[in-house]
Q: 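Have a look at this one before I ask anything.
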Amino acid sequence: MALICGQCGSEVEGRFCIECGAPAPRPLLARPEDEEALVAVTEGGGEGTQVTVDPDEVFVGLLGGDPTVVLEPGRHQLSRPCDTAAFVKRTPVRIRVARETRLEQRGKAADARIHGTATFVAFDPAKLIAAGDDPRTIAEGALETSLHEGIARHVEEALHAALDRGEVRIDRLDRVDELLGWMAGEWYLPGTRVDLREIAITVAPLEDVEETRPERAAIFGPGARVAIVLEDGRRVPAVIERHGYVVRLPDGEQTFIPGEMLEQESFEEE
């Protein structure tokens with residue numbers, strides 16, 4: 001990031017302006033003025049760089065992919081360098097949810113609609129940023145876009161799992177407050193939470209069907225042993241940590257894996 005001398009307007013590369021001798025201005029880091037997304041990512045700065053953090057956000061500085069500096073709202077100077085700067089809003093954001101699904105339980109089936117508004121908040125931005133390989137993948141509105149699909153999928157998968165285990169009845173899904181509370185508690189993005197109290201599940205009239213499951217992706221609950229099926233056919237053992245799915249690999253690393261890449265498998269944990 002080039003610095004401009006405040007006295008003569010020349011570009012400054014060192015500690016002093018070579019044109020007029022004035023001290024170099026301290027570099028500045030702040031959320032880009034035109035960036036209103038939940039996560040904004042810019043280049044980092046060296047030790048002593050001034051950082052301005054807005055009242056509704058947290059600054060997370062990373063070096064080599066690892067969080068090294070976390071700053072609350074206010075004006076600060078970096079105590080250590082970072083190569084990537086992430087500004088994360090932690091004010092609640094409302095996300096519209098709409099999804100159609102087919103439910104089946106004990107010879108009964110019905111079309112259902114999951115709809116309403118969920119409230120998302122990043123209460124620990126550093127944990128959210130640390131959970132991914134590159135914060136740019138959730139920056140510039142990408143996180144908001146994924147939440148529209150992710151929240152609806154999370155509710156659908158948890159609902160099917162609860163029906164499969166008999167924890168809820170298909171003919172009583174108009175009263176699912178406790179179930180939705182449990183689904184919110186099983187939310188899979190580290191450092192964030194989601195409020196599902198304004199989500200509703202509308203179920204069409206029940207139909208009698210043969211007790212065969214429709215072809216859909218398997219539902220795995222926390223603790224299930226699965227295999228991640230890679231494009232080249234290799235299978236990587238993992239354990240489901242949270243619905244969604246967040247899985248734990250043999251080396252202890254946790255990561256998100258789409259449900260269509262998972263298959264049931266038994267294996268001995270190392």
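Throughout, numbering of the chain's residues begins at 1 and tracks the sequence.
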Q: Check the hydrophobic clustering (I, L, V, M, F, W, Y; side-chain heavy atoms under 4.5 Å; chains of links allowed) and say if Trp187 and Val121 are grouped together.
A: no
Q: Once rounded to the nearest 0.5 Å, what's the spacing between atom CG of Leu71 and atom CD of Glu57?
A: 10.5 Å
Q: To the closest 0.5 Å, what do you measure between CG (Leu196) and CD1 (Ile201)?
A: 9.5 Å
Q: Do the ring planes of His154 and Tyr188 sit parallel (below 30°), tilted (30 to 60°) or perpendicular (above 60°)?
A: tilted
Q: With clusters defined by side-chain heavy atoms of hydrophobic residues (ILVMFWY) lying less than 4.5 Å apart, directly or transitively, does Val226 cluster with Ile257?
A: yes
Q: Step by step, would you call Leu63 with Arg80 a side-chain contact (heavy atoms from CB on, under 4.5 Å)?
A: CA-CA 9 Å; Leu63 186 63; Arg80 58 184 67 181; over 6 Å; no
Q: For the side chain of Gln105 and the backbone of Leu163, is there at least one donor-acceptor N/O pair under 3.5 Å apart?
A: yes
Q: Sequence neighbours left out, what pairs pass ring-ring contact (aromatic ring centres under 6.0 Å, His included) with at least one residue falling in residues 65-122?
A: Phe59-Phe87
Q: For Pro92 and Thr119, work out which heavy atoms get closest and say how close.
A: CB-CG2, 3.7 Å
Q: For Glu100, is there an ion pair with Arg113 - N to carboxylate O distance below 4.0 angstrom?
A: yes
Q: For the hydrophobic clusters of this structure (ILVMFWY residues joined by side-chain heavy atoms under 4.5 Å, transitively), does one cluster hold both Val168 and Leu206?
A: yes
Q: Which heavy atom of Thr137 sits nearest to which heavy atom of Ala142, and what is that distance?
A: O-CB, 3.4 Å
Q: Roughly how far apart are Thr84 OG1 and Ile129 CD1, rounded to 0.5 Å?
A: 10.0 Å
Q: Atom CE of Met261 and atom CD1 of Ile228: how far apart are they, to the nearest 0.5 Å?
A: 6.5 Å
Q: Does the side chain of Val51 come within less than 4.5 Å of Val69's, by heavy atoms?
A: no
Q: Just wondering, more than 12 heavy atoms not from Glu140 lying within 6.0 Å of its CD?
A: no
Q: With a 4.0 Å cut-off on N to O distance, would you call Glu72 and Arg90 a salt bridge?
A: yes
Q: The test is side-chain contact (heavy atoms from CB on, under 4.5 Å); show your working for Ile240 and Leu262 and say whether it passes.
A: CA-CA 10 Å; Ile240 299 294; Leu262 300 177; 3.9 Å; yes
Q: For Arg96, does its backbone N or O pair with a side-chain atom of His148 as donor and acceptor, under 3.5 Å?
A: yes
Q: Tell me the closest heavy-atom pair linking Met183 and Ala158, and the distance in Å.
A: CG-CB, 3.6 Å
Q: State which residues pass side-chain hydrogen bond (donor to acceptor under 3.5 Å, both in side chains) with Gln254; sequence neighbours excluded, sorted by chain then number.
A: none
Q: Is it true that Arg31 and Glu36 have a side-chain N and a carboxylate O under 4.0 angstrom from each other?
A: no
Q: Which pair of non-hydrogen atoms, one from Ile170 and one from Ala110, has the smallest distance, and what is that distance?
A: CD1-N, 4.3 Å
Q: Salt bridge (charged side-chain N to carboxylate O under 4.0 Å, His left out) with Glu263: which residues, sequence neighbours excluded?
A: Arg235
Q: Begin from the C-alpha positions of Val194 and Ile95 and carry the test side-chain contact (heavy atoms from CB on, under 4.5 Å) through to its verdict.
A: CA-CA 10 Å; Val194 61; Ile95 304 293; over 6 Å; no
Q: Decide whether Trp182 and Leu180 are clustered together by the hydrophobic rule: side chain heavy atoms of Ile, Leu, Val, Met, Phe, Trp, Tyr closer than 4.5 Å, transitively.
A: yes
Q: Are Gln50 and Arg75 close enough that some pair of their side-chain heavy atoms sits under 4.5 Å apart?
A: no
Q: Using 0.5 Å steps for rounding, measure from the CG atom of Asp164 to the CD atom of Glu104.
A: 9.5 Å
Q: Rounded to the nearest 0.5 Å, how far does OG1 of Thr42 lie from CZ of Arg136?
A: 8.5 Å
Q: State whether the side chain of Asp195 and the backbone N or O of Arg197 hold a donor-acceptor pair below 3.5 Å, judged by distance alone.
A: yes
Q: Closest approach of Pro237 and Pro250, non-hydrogen atoms and distance?
A: O-CD, 3.2 Å
Q: Are more than 12 heavy atoms, taken from residues, nucleotides or ligands other than Asp56, located less than 6.0 Å from that residue's CG atom?
A: yes
Q: For Leu78 and Glu47, run side-chain contact (heavy atoms from CB on, under 4.5 Å): C-alpha distance rounded to whole Å, both residues' side-chain angles, the deciding distance at 0.1 Å, then the answer.
A: CA-CA 5 Å; Leu78 289 181; Glu47 182 177 341; 5.6 Å; no
Q: Is a side-chain N or O of Asp124 found less than 3.5 angstrom from the main chain of Pro190, in a donor-acceptor match?
A: no
Q: If I compare all heavy atoms of Ala86 with all of Leu62, which pair ends up nearest, and what's the gap?
A: CB-CD1, 4.5 Å
Q: Does Val58 share a hydrophobic cluster with Val93, counting links as ILVMFWY side-chain heavy atoms below 4.5 Å and allowing steps through other members?
A: yes
